[in-house]
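Before any comments, here is the structure.
Predicted model only: the values in this text are computed from it and were never measured.
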Amino acid sequence: MIGHPHLHNFTGAERETPFTMNSAVILLLTWCCFAWSSAIYTSDREGPKKLKYLLEPLAHADIVARRGENATLPCILRTRPSNYKVKWTKLQPQHAGQENIIMISNAHAFKRYGLLGPRASLPKAHTMDASLRLRGLELEDGGMYRCELVNGIEDENVVVTLRIEGVVFPYMSKNGRYRFTFREATEACARQDGALASYDQLYRAWTEGLDWCNAGWLLDGTVHYPIVNPRPACGGELLPGIRGYGPKDKNHDRFDAFCFTSQTSGSVSYVSGSFSFEQAGHACRRQGGELALVGHLYSAWRFQSYDRCDGGWLRDGSVRFPISSPREHCGGIPEAGVRSFGFPNEMTHLYGAYCYK
């Protein structure tokens, strides 16, 4: 469907704001916000104490990978005490206890723990290598990891951050704006091949141009929304940045969701036609696939620069289309993004189908 699509109207006063990619604007705006706390490979010990057994970590050494790939988190010994062990832990403030431990090893043996343990190994590139390798990365694997040398007397540790490269997308219920509890938002993202975004992921998306009026849940149970272009309908004429409501009641408060996804193993294609929602599903099955999820379309747009000027059904009943090369007759919006028609009547025979296989 070619033309100027009307973005879904949530409240009568607010409209869906496209996912923009305007680097020039971002460079002018980032001065007013918190400094990007991108995962730095640093010691989490306070003070200037020099490490004795572990090599001083490199500054700003994020480990960046995509879903499905492998990643090695570096931890190198400067010297080895006579009796020691190395413990790898994923730092998750919302959890506590042994479930966060991934692996404990010494010079002769190792033992895996928790959910990450089965995908963890020790590459041991040389005798002083205590690095951790994770295979088949998942969306939830992003975060901070601690390598701790336990000596009994002079324990030391360094922290490295694994960042999953991906894209954040706002998501609302087909029943309207602000319908999700925290649990429902988590489930909604999972149904669309995503996970609730972290604050850092939302911040990075904002620096890349994500501008959205509606507040949504994040992974830590807080509620925020990113504003690049301040306007009266989106919180007033405050400075650009991540607006926040802070922690909210996970069981009773209701908002939209900010979901995060990464590359997928499949591909998205478009089937032209004037289908109802049910007919669109049949069209995809005839192609050997199924209707794409919202996360699939965002992943194709982000990682394959997928560009299509035609509205198409997705599996959640929404109609969207991805634009990587903005042009006048494809929505009339100058920035790249995934456009949305919202959730039309499923009997409407106007749209094609986005299929995934």
Ser318 side chain to Leu314 backbone, donor-acceptor under 3.5 Å: no

Ring pair (Phe, Tyr, Trp, His ring centres under 6.0 Å) partners of Tyr171, counting only residues at least two apart: none

Any residue meeting ring pair (Phe, Tyr, Trp, His ring centres under 6.0 Å) with Tyr225, in chain and number order, not counting sequence neighbours: none

Report the residue from Phe321, Tyr270, Tyr351 that forms a ring-ring contact (aromatic ring centres under 6.0 Å, His included) with Trp313. Tyr351

According to ring pair (Phe, Tyr, Trp, His ring centres under 6.0 Å), who are the partners of Phe260, at least two apart in sequence or on a separate chain? none

Checking side chain to side chain donor-acceptor pair (under 3.5 Å) against Glu184, which of Lys250, Arg254, Arg179 comes through? Arg254

With a sphere of 6.0 Å drawn around CG of Asp220, does it hold more than 12 non-hydrogen atoms of other residues, nucleotides or ligands? yes

Can you list the residues that meet the side-chain contact (heavy atoms from CB on, under 4.5 Å) rule with Asn70, with sequence neighbours excluded? Arg133, Arg135

Any side-chain heavy atom of Asp155 within less than 4.5 Å of one from Leu149? no

Is it true that, when you exclude Lys85 itself, more than 12 heavy atoms of the residues, nucleotides or ligands shown sit nearer than 6.0 Å to its NZ? no

Using only atom types and a distance under 3.5 Å, with no angle test, would you say the side chain of Ser131 pairs donor to acceptor with the backbone of Cys75? yes

Side-chain donor/acceptor of Ser324 to backbone N/O of Ser305, under 3.5 Å: yes

For Ala71 and Leu137, the nearest pair of non-hydrogen atoms, with its separation, is CB-CD1, 3.8 Å

Start with the C-alpha gap between Arg119 and Glu138, add the side-chain angles, then the distance that decides, and say whether salt bridge (Lys or Arg N to Asp or Glu O under 4.0 Å) holds. CA-CA 10 Å; Arg119 292 189 285 118; Glu138 300 176 0; 3.7 Å; yes

More than 12 heavy atoms of other residues, nucleotides or ligands under 6.0 Å from CD of Glu187: yes or no? yes

Anything under 30° is parallel, anything over 60° is perpendicular, the rest tilted; go ahead and classify Tyr298 against Trp301. perpendicular

I'd like to check Arg183 versus Asn251 (side-chain heavy atoms, cut-off strictly below 4.5 Å). Are they in contact? no

Could you tell me whether His252 atom NE2 has more than 12 heavy atoms of other residues or ligands within 6.0 Å of it? no

If you take all heavy atoms of Leu54 and Cys147, which pair is closest and at what distance? CD1-O, 4.1 Å

Tyr356 and His296 aromatic ring geometry - parallel, tilted or perpendicular at 30°/60° bounds: parallel

Compute the ring centroids of Phe275 and His349, then answer whether they are less than 6.0 Å apart. no

Under the rule for ring pair (Phe, Tyr, Trp, His ring centres under 6.0 Å), what residues qualify as partners of Tyr245, not counting sequence neighbours? Phe255

Ion pair check, Arg231 and Asp211, cut-off under 4.0 Å: yes

Stepwise, does the salt bridge (Lys or Arg N to Asp or Glu O under 4.0 Å) test hold for Glu165 with Arg204? CA-CA 10 Å; Glu165 186 181 3; Arg204 180 175 288 273; over 6 Å; no

Expected list for residues 282-292: side-chain donor-acceptor pairs under 3.5 angstrom, two or more places apart:
from: His282; atom 1: ND1; to: Arg285; atom 2: NH2; distance (Å): 2.8
from: Glu290; atom 1: OE2; to: Arg315; atom 2: NH2; distance (Å): 3.3

